[in-house]
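Have a look at the structure below before the remarks.
Every number for a ligand or one of its atoms is a count from 1 in the order of the listing. All figures in this text were calculated on a predicted structure; none of them were measured in a lab.
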Amino acid sequence: MTATISTTRTTTHSTGAGADEGTIHLLDVSKVFGREGSVGAYRAVDHLNLDVAPGQMLALLGKTGCGKSTIFNMIAGLTEPTSGVVRVGGRDPFTEFDTFRGRMAIVFQGDRLLPWRTAIQNVELGLEMLDNPPPDRKERARKWLVKLGLGGHEDDYPHALSGGMRQRVSIARAFATDAQILLCDEPFSALDESTAGKLRAEFVRLVKENGKTAVFITHSISEALEIGDRIVVLKRPAMIAYDVSFDRDTPPEVRTLIRERIGKVLAA
Ligand SMILES: Nc1ncnc2c1ncn2[C@@H]1O[C@H](COP(=O)(O)OP(=O)(O)O)[C@@H](O)[C@H]1O
Ligand SMILES: [Mg+2]
């Protein structure tokens, strides 16, 4: 049995410039919207410590409004923390945003495709921004569309594709950049369950095959259990209530216990 169940917060970290590309490190991170102490100020993240190891697949689980997207945006360098330290691969994603081009790929809940570009042109977009030469980027874009089951749809415009197919295009776009880190904010929550289930399985396989570090945000316990090899359960305001790791050898009875525990933590 390899499941480790603990609520300990890890503080071991590496912030040096030589830190592994795939490391994510949050130390004592808080985010307050509005001016601290003023009326209407809201502490969305409260002294959060979180370390994600290279190659880890972390599911961040919590109810709507608990601060998941705020954490996500701080890791992605889109939001500045009010206090504390955020490091990705040893660098500050907010102040050194430009250096992260091609190192982090993001998949949002909506597919965020450009409607005037075909499927393949949407996948190529990320590569154009990385100054990839045209023949090479077309080839890579095509390869990833085929891997995601969209061979033959390269020249379709988004409006001609189903919701599930559009989200596959946005996943292909994320993988095509070869980024070491994948950040996903509820990417499948707008899809019907059978489509979401298929995409989840493909997504896990692709992340593992390509040795990426992934942070996957979800409000669904089942999705967290399917995706993560580690689940961090957040309680409002974005504090860690439960941190559990497991792997494919974890027996079903232990998974059941983990699921029950998560349910209790979320309900408390
Ligand atoms: N830009 C913002 N300004 C003010 N409050 C915000 C802002 N973004 C998020 N919040 C608040 O912070 C809390 C956490 O939001 P969010 O991180 O989006 O939660 P989640 O993704 O878990 O649903 C919510 O109460 C939300 O209203
Ligand atoms: Mg959110």
Side-chain angles (χ1 to χ4, degrees), residues 7 9 24-52 57-88 92-95 97 104-113 163 166-167 170-171 174 181-193 196 199-200 203 213-228 230-244 261-268:
T7 48
R9 295 179 182 188
I24 299 173
H25 168 64
L26 281 79
L27 179 67
D28 203 23
V29 171
S30 295
K31 178 67 190 181
V32 179
F33 289 110
R35 200 154 47 82
E36 181 119 59
S38 67
V39 184
Y42 183 73
R43 183 172 283 268
V45 178
D46 194 21
H47 299 287
L48 180 72
N49 293 304
L50 179 67
D51 282 276
V52 187
M57 191 130 172
L58 169 70
L60 266 185
L61 172 67
K63 289 182 187 164
T64 301
C66 79
K68 301 183 297 296
S69 292
T70 306
I71 296 172
F72 182 89
N73 289 334
M74 288 193 286
I75 296 172
L78 301 169
T79 298
E80 188 174 26
T82 307
S83 60
V85 173
V86 179
R87 293 287 180 273
V88 177
D92 184 330
F94 188 81
T95 60
F97 190 77
M104 258 196 281
I106 300 183
V107 186
F108 291 102
Q109 182 176 355
D111 51 68
R112 303 212 183 176
L113 301 181
R166 285 200 296 271
Q167 199 55 300
S170 75
I171 293 169
I181 295 180
L182 271 174
L183 303 178
C184 309
D185 194 353
E186 312 214 22
F188 309 137
S189 61
L191 304 176
D192 65 80
E193 191 37 48
L199 279 182
R200 253 178 236 132
F203 181 81
T213 307
V215 176
F216 191 102
I217 289 189
T218 177
H219 62 259
S220 151
I221 300 180
S222 310
E223 181 165 69
L225 285 162
E226 278 175 55
I227 291 279
R230 176 181 174 199
I231 299 177
V232 165
V233 183
L234 297 167
K235 292 284 281 191
R236 201 168 174 166
M239 289 170 64
I240 295 176
Y242 183 40
D243 185 343
V244 59
R261 175 87 189 268
I262 293 174
K264 281 191 190 132
V265 169
L266 280 176

Measure the shortest side-chain to side-chain distance between [X] and [Y] over non-hydrogen atoms and say whether it is less than 4.5 angstrom.
X	Y	result
Thr218	Ile227	no
Ser30	His47	yes
Leu234	Ile240	yes
Asp185	Leu183	no
Leu50	Val29	no
Asn73	Lys31	no

remark   = When every non-hydrogen atom of Gln167 is compared with those of Leu199, the smallest separation belongs to CB-CD1, 4.3 Å

request  = Work out which heavy atom in Asp92 is nearest to a heavy atom in Arg87; give both atom names and the distance.
outcome  = CB-NH1, 3.6 Å

Among all protein non-hydrogen atoms, which one is nearest to [atom], and what is the separation to 0.1 Å?
atom	answer
atom 18 (O) of ligand 1	Ser69 CB, 3.6 Å
atom 15 (O) of ligand 1	Thr70 OG1, 3.9 Å
atom 6 (C) of ligand 1	Phe33 CD1, 3.3 Å
atom 14 (C) of ligand 1	Gly65 O, 3.4 Å
atom 19 (O) of ligand 1	Gly67 N, 3.2 Å

message = Any donor-acceptor pair under 3.5 Å linking the side-chain atoms of Arg112 with those of Ser170?
response = no

message = Exactly one of Ile181, Leu78, Val86 should register a side-chain contact (heavy atoms from CB on, under 4.5 Å) with Pro93. Which one does?
response = Val86

Below a 4.0 angstrom heavy-atom separation, can you tell me which part of [X], side chain or backbone, both or neither, approaches ligand 1?
X	value
Lys63	backbone
Arg236	side chain
Tyr42	side chain

ask   = Which atoms of ligand 1 are found less than 4.0 Å from any heavy atom of Thr64?
value = 23 (O)

ask   = What residues, two or more places apart in sequence or in another chain, satisfy ring pair (Phe, Tyr, Trp, His ring centres under 6.0 Å) together with Phe216?
value = Phe188, Phe203

query = Closer than 2.8 Å to the Mg ion (ligand 2), which protein N, O or S atoms?
reply = Ser69 OG

request  = Answer yes if a protein heavy atom lies under 4.0 Å from atom 25 (O) of ligand 1, otherwise answer no.
outcome  = yes

